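All of these numbers come straight from a predicted model, not from anything done at the bench.
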Amino acid sequence: MKRAGFTNRWLPVLLLVPQLIIIAVFFYWPAGYAIQSSFYLQDPFGFGSTFVGLENYTDLLSASEYRKVAWFTVIFTLLVTFFSLALSLLLAVKADNILRGAKTYRTLLMWVYAVAPPVAGFIGIMMFDQSTGPISNFFKSLGWDFTLGVNYFDTASAMVIVSVWKQVPVNFIFFLSGLQSIPRSVREAALIDNRSGMGRFWDVTFPLLAPTGFFLLIINITYSLFDTFGVVDTLVKGEPGNNPMTLVYKVYVDGFRGNDLGGSSAQSVILMVLVLALTIFQFRLVERRIHYT
Amino acid sequence: MAKVTLDGIRKVYPNGFEAVKPSSFDIPDGEFVVLVGPSGCGKSTLLRMIAGLEDISEGALSIGDRVVNDVDPADRNIAMVFQNYALYPHMTVAKNMGYGLKNRGVSKAEIERKVAEAAEMLDLSALLDRRPSQLSGGQRQRVAMGRAIVRNPDLFLFDEPLSNLDAKLRNQMRIEIRALQRRLGVTAIYVTHDQVEAMTMADRIIVLNGGVIEQIGTPTEIYENPASTFVAGFMGAPPMNLLKAKVNGAGTAEVTEGLSFPAPAGASGDVLVGIRPEDLEIAEDGDMQMEVKIVEELGANRLLHGDLGGQEFSVSVPKQQEVTEGQIALRIKSGEPHVFDANSGRRL
């Protein structure tokens, strides 16, 4: 490929400036500030701060509550990622097979995509409401006394269900387009080579979906870790108390409800490192990803 | 190895389009049959019905002595080579070739032996560990062939397998496929829109047009005795000249005054007189006066296009023959011109 060059060396810099300013103002500055304040103990009323070194970090890692939230986040992420990928793959495979009304079906499935996380959380509250929620009533009829916001396990279940529901459409769209980009003749060749539909799926369709699946895996992990904030926030109704929460939500609770800016900053720095690691992992693997052409 | 019987096979799509009108024919064991026709004539649909990739709307399809209408494609014991090869991109050449066998419970050692044997036959032995993306078009084509061979099928199905190759490779593969099929003795059905492929490869050709079988015959029969104006125009390059004519009282087909051809007994009214460009020669005493407008150089011969009795006409002459634009006199080298009914297009 031919590289186009600039004759004026300031022009490219000038063209990059707006982008760089945005990144600097909205990422580097706050990130830098977070790193800085993670080494300080802030006065809750804003009267100065004391340098405490790594104390915020050591406090966090030794706090049983932090470890509990971290564990919950890991389990929550695994469950949300697994179920939203599995369900959407199933739906996509089924949608790919239907011939009649396919468009309507796909459009209906994609609608949820347009729902914002807090709205999804709010819908969740209505569905899982203790006395009037249809889903809680359904669970009650099965003998499960579902109490959202009171029982830890029940609230966690609702969080997982709502988060999965919210994420399925995105995955569905990607899986469906991935399925449709598999050449028809390849599937037909498989039809002649293998009589078992399950066998064909695992031997041919699934490996050919792997690049899409891997991309979605990363997207879904990121989603479960960070974008579920709105869902968590609405479902715990701002009353974290004994309720489950994710690491991101804890940053908010400790920082803005508990006024522990230093500890909250330390938490966000840890999350930042986590995102960085995930991103590096993704880029590494995407680079090595097998391109089937 | 098996014979194939189609009995009144018909294909109607849900939207009511009749892609294949009821068609019947037999293919004896070991024969190489080519389905040829323009795009949209139903040839691929017919092949896909035989493969089981498309439901049969009506009629009975038998491979061997078994009616297979409702048999799974995987259980028909067929092998298909697709236009774009349809190799599994994530599998190596060896895995691609062995996948069908693996699913039939053939032992690993046996698969390995068969794959090695087919690879040897197709000159692929050095490529067994590669993936399809690392192969050239011609090599992919061979792998697709190999995948078909290792299954040891009753029937080979080819869906325009050479149309993605360049001309030189196509000629070579044409010969190789034909030789391979002869050697293995497996019945084969080959779909193409290329009449050269049809003529050179087929034991028998089935010419399709608009979902209807126009003619079934050996390449020679089809060329020498086209059953209709469609076959006459489709098979043979350059296509046959078709002159509008009227059968007069004397029983000859008259194109214009002074230009008439013998017509078969019973012909009447409007007819089309068909003469192949290569069945003519330039002769001083020829009774057909043609005005040459364009001379096409084809190397081995020259193609003259112009006007005969007010209608378009082409003649093929050997390269030794000097020609210029303008008036020439022609005569028919050998045989009789073909006469077709102008309305039905059928041969008279």
Worksheet item: More than 12 heavy atoms of other residues, nucleotides or ligands under 6.0 Å from NZ of Lys95(B): is that the case?
Response: no
- prompt: Hey, is CZ on Phe174(A) packed in by over 12 heavy atoms from elsewhere, all under 6.0 Å?
  reply: no
Original post:
When you look at CG of Asp65(B), are more than 12 heavy atoms from neighbouring residues, nucleotides or ligands closer to it than 6.0 Å?
Top reply: no
Scanning both residues in full, the closest heavy-atom pair of Asp203(A) with Met91(B) reads O-CE, 3.8 Å
Nearest heavy-atom contact between Arg200(A) and Tyr99(B) is CA-OH, 4.2 Å
_Asp123(B) atom CG, neighbour heavy-atom count above 12 within 6.0 Å_ = no
So, the part of Arg184(A) with a heavy atom under 4.5 Å from chain B: the answer is side chain
Practice prompt. Check the surroundings of atom CZ in Phe83(A): do more than 12 heavy atoms from other residues, nucleotides or ligands lie under 6.0 Å from it?
Written response: no
Output for pair (Arg48(B) CZ, Glu188(A) CD), nearest 0.5 Å, gives 4.0 Å
Nearest heavy-atom contact between Asn194(A) and Ala74(B) is C-CB, 3.8 Å
Legend entry - Crowding at CZ, Phe226(A) (>12 non-hydrogen neighbours, <6.0 Å): yes
Strictly distance-based, threshold 3.5 Å: is any side-chain N or O of His90(B) a donor or acceptor partner for the main-chain N or O of Ala210(A)? no
> What do you reckon, is CD of Glu18(B) surrounded by more than 12 foreign heavy atoms closer than 6.0 Å?
Replying inline: yes
*Between Asp193(A) and Arg104(B), is there a salt bridge with N-O shorter than 4.0 Å?*
no
Between the CZ atom in Arg195(A) and the CG atom in Asn103(B), the distance rounded to the nearest 0.5 Å is 8.5 Å
In Asn84(B), Leu87(B), Leu53(B), Asp159(B), the residue satisfying side-chain contact (heavy atoms from CB on, under 4.5 Å) with Ser185(A) is Asn84(B)
With a cut-off of 6.0 Å (strictly less than), are more than 12 heavy atoms of other residues, nucleotides or ligands near OH of Tyr13(B)? yes
So, the part of Arg76(B) with a heavy atom under 4.5 Å from chain A: the answer is neither
Smallest heavy-atom separation, Pro73(B) atom then Leu191(A) atom, equals CB-O, 3.8 Å
Heavy-atom closest pair (Arg151(B) atom, Ile192(A) atom, distance to 0.1 Å) is NH1-O, 2.8 Å
